[in-house]
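Let me begin by presenting the structure, written as structure tokens, before commenting on it.
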Amino acid sequence: MTVVAFAEKNKAAEEIAKILSSGSYSRTNIEGASAYKFKRNGEDWIITGLAGHIMGYDYPTEYNRWNEVDPGILLDVDPQKFVTKENLANAVEKLSKNAHLIILACDYDREGENIGFEAKELAERVSTAPIKRARYSSFSKSEIEKAFDHPGEPDTNLAMAAETRQILDLKMGAAFTRYVTLSVREKAYTKEVLSIGPCQTPTCGFVYEREKSIREFKPKDFWKILADFDTKEGEKLTAEKEKSEKGNENPNDDAGGKTKAKRTKKNESETEFQGTHRTGQITEKEKADDIFKRIKGEKKAVVDKKTVKEQSLAPPVPLNTTEFLKRASSFLNISPEKALEIAEQLYLSGLTSYPRTETNMYAPDFEFLPILSELTKNPSYSKTIEQLIRETAGKVVPKNGTKDAKDHPPIYPIRGATQPDVEKLVNLPGAYPVYDLICRHFIANLMPSAIFEKTKLDIKIKEEIFDVTGSMKKSSGWLSIYDYETKKDKMLPPMEEGDILFVQKIQNMASKTAPPKKLMESELLTLMDKNGIGTKATAPTHIETNKKRGYFETAGKTISILDTGYMLMESLDTAVPIVIRPEIRSQVENLIQQVEDGKMTMNEALLSGTALIKKMYGDLTANKDRLVQKLAGSIKSEAAESDKKNYVGVCPVCANALRLITTDKGRFIGCVGYPDCSQTYPVPKTGALTILRSKKCQKGGIAVIDVGKKYNWAVGVGPCFNCDQKDECDPPETAGICPKCKDGQMVMVRLSDSRFLSCSKKCGHTQSLPKAGRLTILDEKCPICGWNLFRNKENEKEAEDFCANRRCRAIGLKNEQQKSNSN
DNA sequence: GCAAGGTC
């Protein structure tokens, strides 16, 4: 008989085996899963790691046909639990058969309890052995031994809370997603799914809110009074003042101006600085003008007050997942999804600790010195570490955060490694920068604060006070190893109270308030974290889902909403506003918490949660028309734009996309907004059509299309040979002045089945050209009429040069000449 | 084909 234990993941299983067996365990394979065997107190133990959830909810298969099931019905159907990882489920059953005691040993949190219950459910199918729960929140020897020597009872409420979440999330997600997707498909063809969920949608909602405030932003005028001061010229003024006090009553107004030119650049940066009038941004112009008028032309200012303060900047607190992802995004430009993937690999390679944690403080018995000594293996850290240990006499103290979720320790380095070492172990772009960040953060956290000297000056011009601040780093502290955010010193020239300064310039600067900036990925992570959207492990996934759905995109660290995302959020905002806000999550979370606390049964919570979703679903369906109208248009336009070959441009009537449409009856350009918008344009019936994107029609045509490589056609205008600005579009092939109106140029018109010359001024004069052969216009001019000569080359014949002007006798001459040459 | 949560 055996004691069987299930941990949440393989690594944890091995760690526990190591501790409980004091290192003498063996690895074995059960149904493809690693298991660890050892003896403990005379009993056989075997512990295996699951891989997170091994079961999951889904609807019974008969509800999988989207087109045959009203999405609303999904709210009345109970999803069923299925095994999602067959091999692990088999391993659980196989091991449980021979167990006399089963211990659930997953992470000590809601999902961990639930994962344990999945194993419990499978075990109970084949075993009647007692099932216990080992609770631990770190891999310290004492804690693990205590947890396994005195296991407690599984916590049904906790596990059922997770179960409730799974079912409610699925119900809402499936019903909303299917409803929106199917409704839009009635109006616009798209294979894509338009998904909605209690985490992904509020995530997009944050991006939408920011975008909306940018779009709705109205800049406001404001004025700022700025003064440029100079200490060096001030000294002269002081001297003059002293002189004048001795009796010389003729101060030189222009003294500053004259000597200014002589000053060197270097001096300028040391003696000049700028101050802002204490009122800051002034919204009334009169007020700014008033202040400006009072001091305009003043050349003298005085340092009225000077305060110098030391300010310290504490090191960052230990990294939890959210903080890590934020820093990877803003310092390293690595997306949350990639960063977590890299951290996962660093963890699996033994370089860093477990990356999914909410905790940002170290346990009191955490040992820093062995890790610091590991990190000296990397020469970029060794000097700092040696200094740190010397200065603290080996008693390092972390600057802890305040969150202790009792899940895992903060993210910290486990092994010291150089760049090549790391890259050998983790073959992912960004692996070393991420490792480096984790190491530097770990070291910085143990280092002293950085000290800055902040200087604040009140400078008076007459009675008006100007503020000036300066900052100088006195001691780098932790910043010396953590140079991701460099804070530049803002140096001021040395000054004391009572000093007189020369005022070089006073400006009354008109300016406008700037719109909010686009949302950064790190800000989005903060918003999600604060509002309880997703967990430490899933936040990156929700961001990715929105990108995959085409709701928003990222360029570097900046997020921009896309049309579909904006329209979807806008529609939901009017129909079911709660869905795009964090409240959707917190309402469900409240129910779950009640289950966890035993105040509500799972069934009660499900009933109440389903009622909430039904209410929202009702609001959604009641607004179908508006939703579909907005989304269908945007989707059609996006699909049309991505259809490079047929996309023509933007419809001037409804701003949807115009595309080239070919039917059995013919071809034309139409608006994707059809049937709501019936804008169409004709195109020539024959000739291959190529949309020339680089050409812009000078006569307001929507686009320029090349027809059969022969001539151009301006959409909405007509053939380009009628365009009097055609030089800017496509250089025409001109023969010479029109013999009829003597104003226009005879331009070659090439059609699919004919070619001719036509007057560019549309006087009506045309002239035929040879039907066969490759026809080109030469630079050489006809000596008689001045037209350009033509060259025609027919198959298997010599090229023939001639003047095409019907009214020019040269035509005959040239032809005769050619014939005699060839004979 | 729908969600979110684990983990690989």
Side-chain angles (χ1 to χ4, degrees), chain A residues 6-13 32-34 49-61 63-69 71-75 77 79 81 84-85 87-88 106-107 109-119 159 161-182 185 190-203 321 340-349 354-357 407-408 426 428 528 532-546 548-549 579 584-585 588-589 592 609 613 617:
Chain A
F6 299 110
E8 188 153 322
K9 46 193 168 282
N10 178 48
K11 275 251 163 179
S34 287
L50 307 174
H53 286 284
I54 58 176
M55 299 174 97
Y57 276 96
D58 210 343
Y59 281 102
T61 46
Y63 294 96
N64 283 348
R65 290 181 295 272
W66 287 33
N67 287 316
E68 292 159 38
V69 179
I73 288 176
L74 298 175
L75 300 178
V77 174
K81 211 167 183 185
T84 52
K85 294 200 178 87
N87 65 323
L88 287 168
C106 296
D107 293 356
D109 55 26
R110 192 189 278 162
E111 292 302 323
E113 200 69 25
N114 189 266
I115 294 164
F117 268 64
E118 290 170 14
E163 206 90 351
T164 310
R165 180 200 51 73
Q166 290 177 33
I167 294 169
L168 290 177
D169 284 353
L170 175 60
K171 279 194 168 186
M172 185 218 158
F176 272 63
T177 300
R178 285 195 201 181
Y179 183 78
V180 172
T181 305
L182 293 173
R185 280 187 195 165
T190 168
K191 273 191 294 197
E192 307 302 324
V193 167
L194 289 161
S195 66
I196 288 171
C199 285
Q200 56 172 275
T201 306
T203 299
T321 307
L340 193 55
E341 189 193 345
I342 292 167
E344 174 82 25
Q345 292 304 315
L346 290 170
Y347 155 69
L348 291 171
S349 316
Y354 187 66
R356 285 178 278 266
T357 173
D407 50 355
H408 299 272
V426 178
L428 285 171
M528 292 173 74
I533 298 301
T535 67
K536 69 228 166 181
T538 59
T541 321
H542 299 314
I543 295 177
E544 286 307 306
T545 304
N546 278 291
K548 194 176 107 196
R549 298 295 186 210
V579 172
I584 179 66
R585 193 88 205 117
V588 175
E589 180 61 36
I592 297 168
I613 299 169
Y617 187 80

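As the structure is a computational prediction, the values presented were derived from the model and not from experiment.
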Problem set entry | Distance in angstrom units between A:Asn64 CG and B:dC2 C1', rounded | 9 Å
Seminar exercise, completed: Testing B:dG1, B:dT7, B:dG5 for proximity to the side chain of A:Ala537, the answer is B:dT7
Problem set entry | Distance (rounded to the nearest 0.5 Å) between A:Arg165 CZ and A:Ile592 CD1 | 6.5 Å
For this session: Could you tell me whether A:Arg65 contacts a base, only the sugar-phosphate backbone, or nothing, with contacts defined as non-hydrogen atoms closer than 4.0 Å?
Result: nothing
Exercise. Quick one: A:Leu182 CG to B:dC2 P, roughly how many Å, whole number?
Worked result: 13 Å
Exercise. Using a cut-off of less than 4.0 Å, is there contact between a side-chain N or O of A:Ser195 and OP1 or OP2 of B:dA3?
Worked result: yes
Exercise. Picking from B:dT7, B:dA3, B:dG5, which would you name as closest to the side chain of A:Pro198?
Worked result: B:dA3
Exercise. When you match A:Glu8 and A:Arg549 each to their closest nucleotide on DNA chain B, which lands nearer the 5' end?
Worked result: A:Arg549
For this session: Taking only the side-chain nitrogens and oxygens of A:Thr538, find out if one of them lies under 4.0 Å from OP1 or OP2 of B:dA4.
Result: no
Exercise. With a non-hydrogen cut-off below 4.0 angstrom, is A:Tyr57 in contact with a base, only sugar-phosphate, or nothing?
Worked result: base
Exercise. Taking atom P of B:dT7 as reference, at what distance in whole Å does atom CD of A:Gln345 sit?
Worked result: 14 Å
For this session: Figure out the CE/C1' separation between A:Met55 and B:dT7, and round it to whole Å.
Result: 17 Å
Exercise. Do NZ/NE/NH1/NH2 and the carboxylate oxygens of A:Glu589 and A:Arg110 come within less than 4.0 Å?
Worked result: yes
Problem set entry | Per A:Arg585 side chain, nearest of listed nucleotides B:dC8, B:dT7, B:dG5 | B:dG5
Exercise. What does A:Glu111 touch in the nucleic acid at a heavy-atom separation under 4.0 angstrom: a base, only the sugar-phosphate, or nothing?
Worked result: sugar-phosphate
Problem set entry | A:Ile73 CD1 to A:Glu68 CD distance, which is reported to the nearest 0.5 Å | 11.5 Å
For this session: Count the heavy atoms of every other residue, nucleotide or ligand shown that sit under 6.0 Å from CD of A:Glu192, and state whether that count exceeds 12.
Result: no
For this session: Check the distance between B:dG5's C1' and A:Glu544's CD and give it to me in whole angstrom.
Result: 17 Å
Exercise. Taking only side-chain nitrogens and oxygens of A:Arg110, does any of them come within less than 4.0 Å of OP1 or OP2 of B:dA4?
Worked result: no
Exercise. Once you round it to whole Å, what is the distance between P of B:dG5 and CD of A:Glu163?
Worked result: 15 Å
For this session: Please determine if a side-chain N or O atom of A:Gln200 lies less than 4.0 Å away from the OP1 or OP2 oxygen of B:dA3.
Result: yes
Exercise. To the side chain of A:Leu348, which of B:dC2, B:dC8, B:dG1 is closest?
Worked result: B:dC8
Problem set entry | Length of the line joining A:Glu589:CD and B:dA4:P, which is rounded to integer Å | 14 Å
Exercise. B:dG1, B:dG5, B:dT7: which one has an atom nearest the side-chain heavy atoms of A:Thr181?
Worked result: B:dG1
Exercise. For B:dA4, does OP1 or OP2 lie under 4.0 Å from any side-chain N or O of A:His53?
Worked result: no
Problem set entry | Spacing of A:Asn546 atom CG relative to B:dA4 atom P, expressed in whole Å | 9 Å
Exercise. Starting at the 5' end of DNA chain B and moving along, which residue's nearest nucleotide shows up first, A:Arg356 or A:Ala175?
Worked result: A:Ala175
Problem set entry | Side-chain-base donor-acceptor pair under 3.5 Å for A:Asp58 and B:dC2 | yes
Problem set entry | Sugar-phosphate only, base, or nothing, as touched by A:Leu168 at under 4.0 Å among non-hydrogen atoms | nothing
Exercise. For A:Gly112, which contact category applies under a 4.0 Å heavy-atom criterion: base, sugar-phosphate, or nothing?
Worked result: nothing
Exercise. Does OP1 or OP2 of B:dT7 have a side-chain N or O of A:Tyr354 closer than 4.0 Å?
Worked result: yes
For this session: Measure from the side-chain heavy atoms of A:Cys199 and tell me the nearest of B:dG1, B:dC8, B:dG5.
Result: B:dG5
Exercise. Roughly how far, to the nearest 0.5 Å, is the CZ atom of A:Arg178 from the CD1 atom of A:Ile196?
Worked result: 13.5 Å
Exercise. Does A:Leu75 offer a backbone N or O that forms a donor-acceptor pair with the side chain of A:Lys171 under 3.5 Å?
Worked result: yes
For this session: Decide whether a cation-pi geometry holds between A:Lys11 and A:Tyr347; the criteria are a distance under 6.0 Å from NZ or CZ to the six-membered ring centre and an angle within 45° of the ring axis.
Result: yes
Problem set entry | Options B:dC8, B:dA3, B:dG5, nucleotide nearest the side-chain atoms of A:Arg165 | B:dG5
